[in-house]
Peer 1: 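The structure is given below, and queries will be raised subsequently.
Numbering of ligands and ligand atoms starts at 1, following listing order.
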Amino acid sequence: MTQPRRIIIDTDPGQDDAFAILLALASPEEVEVLGVVAVAGNVPLPLTQRNARIVCELAGRRDIPVFAGCDAPLKRKLVTAEHVHGVTGLDGPPMVEPTMALQGQHGVDFIIDTIRRAPEKTITLCPLGPLTNIAQAFLQAPDIIARVQEIVLMGGAYFEVGNITPAAEFNIYVDPEAAEIVLKSGVPAVMMPLDVTHKVIATRARVEAIRALGTNVGRVAAEWADFFERFDVAKYGSDGGPLHDPTVIAYLIAPHLFTGRFINVEIETQSELTLGMTVADWWGVSNRAPNAMFIGDVHAQGFFDLLTQRLGRL
Ligand code: RIB
Ligand code: CA
């Protein structure tokens with residue numbers, strides 16, 4: 001019996017982030033959530049830290065420490081995505097204000113301290129939003145870089161190109177300098193780009209299977225999916241919303257569901273036209289050294305079967 005992967009979730013909830021957090025908290029055999037760190041992204045930090053606490057309370061896990069991290073990208077003005085997630089970031093079902101406390105420590109300091117205290121290569125970072133907190137931790141404490149076991153992140157796009165601009169995926173676009181720091185750090189990285197997340201569409205049947213769990217978590221999650229799909233259905237004509245962020249956690253639980261290539265991925269940080277583009281050398285045409293496992297495919301129904309079964313535990 002292998003030990004559960006010890007993870008820190010860095011997140012900007014976001015309905016899809018909420019699915020990821022719930023999946024992680026429902027899967028103690030495979031992942032031990034050491035803490036949840038909020039970052040500014042889909043909505044401003046006061047809301048992402050509130051939403052992270054709401055999700056932990058929904059899962060019955062008031063014991064999970066939730067921290068507030070950075071409230072803006074390293075060098076740029078924050079760009080948010082209320083048009084996708086609603087003004088609260090968790091629009092859909094009405095939610096009560098959280099009562100669990102926000103931790104007093106800054107989320108970046110929590111990341112640094114946790115990695116310094118743990119044995120080398122035993123902590124996995126799971127960023128689900130802009131990479132600001134991770135990059136800031138590496139800038140503040142370069143000694144932790146070699147100690148990180150792995151980074152499994154949602155972000156980027158190649159064949160799918162952009163969702164916030166014609167060229168860039170939102171998480172990378174919001175803080176491209178942070179993404180560049182993370183991808184050039186040398187930490188083993190697994191990327192869940194739109195190429196794979198656009199294959200996990202929460203169709204009506206899949207959402208109804210979640211609602212049919214008959215639990216409060218199932219009801220709330222289904223109503224989040226009902227709200228969250230609007231943007232992608234209108235833009236792509238898809239038959240549901242792509243559940244981007246839980247692919248990160250599902251990869252840790254069931255990596256066999258996913259396939260990809262270990263390739264070079266670099267970030268555009270100079271051009272205004274293509275800012276935040278992930279230039280993924282999928283065809284190996286450059287001599288740039290591979291630095292990320294870039295996931296391109298998934299067994300979508302297997303993903304939803306796993307997600308639904310685990311949500312049923314909460
Ligand atoms: O582009 C999709 C990503 O941006 C997801 O993580 C979503 O939650 C938003 O943060
Ligand atoms: Ca997110």
Side-chain angles (χ1 to χ4, degrees), residues 8-24 36-45 47-52 54-55 66 69-70 72-73 78-92 107 125-134 151-176 178-179 182 190-202 221 224-225 227-233 235-236 238 240-251 267 275-278 280 295:
I8 294 173
I9 296 176
D10 192 89
T11 179
D12 62 338
Q15 291 88 349
D16 60 318
D17 301 68
F19 275 92
I21 297 166
L22 292 173
L23 177 57
V36 174
V37 180
V39 66
N42 285 321
V43 286
L45 183 66
L47 283 172
T48 57
Q49 61 89 341
R50 164 202 181 258
N51 295 345
I54 284 176
V55 178
V66 175
C70 297
L78 178 64
V79 171
T80 53
E82 287 86 352
H83 62 292
V84 178
H85 300 273
V87 290
T88 71
L90 277 186
D91 282 24
L125 300 175
C126 297
L128 310 178
L131 290 161
T132 313
N133 289 336
I134 312 300
I151 292 177
V152 185
L153 67 91
M154 191 277 143
Y158 182 58
F159 295 103
E160 280 295 291
V161 289
N163 61 357
I164 186 77
T165 74
E169 178 278 325
F170 178 79
N171 288 341
I172 308 299
Y173 177 73
V174 170
D175 199 340
V182 170
V190 178
M191 294 179 74
M192 293 288 164
L194 298 181
D195 302 62
V196 66
T197 68
H198 278 181
K199 294 176 179 173
V200 286
I201 299 298
W224 276 333
F227 179 89
F228 174 67
E229 72 173 23
R230 298 147 38 263
F231 171 77
D232 289 84
V233 167
K235 174 171 181 175
Y236 295 102
S238 54
L243 286 189
H244 307 285
D245 292 337
T247 61
V248 167
I249 306 302
Y251 177 83
I267 310 295
L275 185 70
M277 182 174 187
T278 46
I295 300 297

Peer 1: Nearest protein heavy atom to atom 10 (O) of ligand 1, by residue and atom, and its distance?
Peer 2: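 Checking every protein heavy atom, the shortest distance to atom 10 (O) of ligand 1 gives N171 OD1, 2.8 Å.
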Peer 1: Of all the non-hydrogen atoms in the protein, which one sits nearest to atom 7 (C) of ligand 1, and at what distance?
Peer 2: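 Scanning the protein heavy atoms, the shortest distance from atom 7 (C) of ligand 1 goes to D16 OD2, 3.3 Å.
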Peer 1: For atom 9 (C) of ligand 1, what is the nearest protein heavy atom, given as residue, atom name and distance?
Peer 2: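 The closest heavy atom on the protein side is N42 OD1, 3.1 Å.
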Peer 1: Side chains of T88 and D91: donor-acceptor distance under 3.5 Å anywhere?
Peer 2: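 Indeed, the side chains of T88 and D91 share at least one donor-acceptor pair under 3.5 Å.
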Peer 1: Any idea which atoms of ligand 1 are less than 4.0 Å away from a heavy-atom of M154?
Peer 2: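 The list of qualifying atoms is 2 (C), 3 (C), 5 (C), 6 (O).
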Peer 1: At under 4.0 Å between heavy atoms, is it the side chain or the backbone of D17 that contacts ligand 1, or both, or neither?
Peer 2: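 Near ligand 1, D17 shows its side chain, while the N, CA, C and O stay back.
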Peer 1: My understanding is that only one of P130, P44, P127 makes a side-chain contact (heavy atoms from CB on, under 4.5 Å) with D12; could you say which?
Peer 2: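 Between D12 and the candidates, side-chain contact (heavy atoms from CB on, under 4.5 Å) is satisfied uniquely by P130.
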Peer 1: Among all protein heavy atoms in this structure, tell me which lies nearest to atom 2 (C) of ligand 1, with the distance rounded to 0.1 Å.
Peer 2: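 Going atom by atom, the protein heavy atom closest to atom 2 (C) of ligand 1 ends up being E169 OE2, 3.4 Å.
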Peer 1: For ligand 1, is any non-hydrogen atom under 4.0 Å from N163's backbone (N, CA, C, O), its side chain (CB onward), both, or neither?
Peer 2: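 Only the side chain of N163 comes within reach of ligand 1.
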Peer 1: Check which protein N, O or S atoms are less than 3.0 Å from the Ca ion (ligand 2) and report how many there are.
Peer 2: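 Number of qualifying protein atoms: 5.
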Peer 1: If you count the atoms of ligand 1 from 1 in the order shown, which ones are under 4.0 Å from a heavy atom of D12?
Peer 2: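 The atoms of ligand 1 under 4.0 Å from a heavy atom of D12 are 10 (O).
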Peer 1: Just jot down the ligand 1 atoms closer than 4.0 angstrom to any heavy atom of H244, in number order.
Peer 2: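 What qualifies from ligand 1 is 2 (C).
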Peer 1: Counting C-beta onward and ignoring hydrogens, is there a side-chain heavy-atom pair between N171 and M154 closer than 4.5 Å?
Peer 2: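 Heavy-atom side-chain distance check passes, below 4.5 Å.
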Peer 1: Is there a side-chain contact (heavy atoms from CB on, under 4.5 Å) between V190 and I295? Walk through the geometry before answering.
Peer 2: CA-CA 7 Å; V190 178; I295 300 297; 3.9 Å; yes
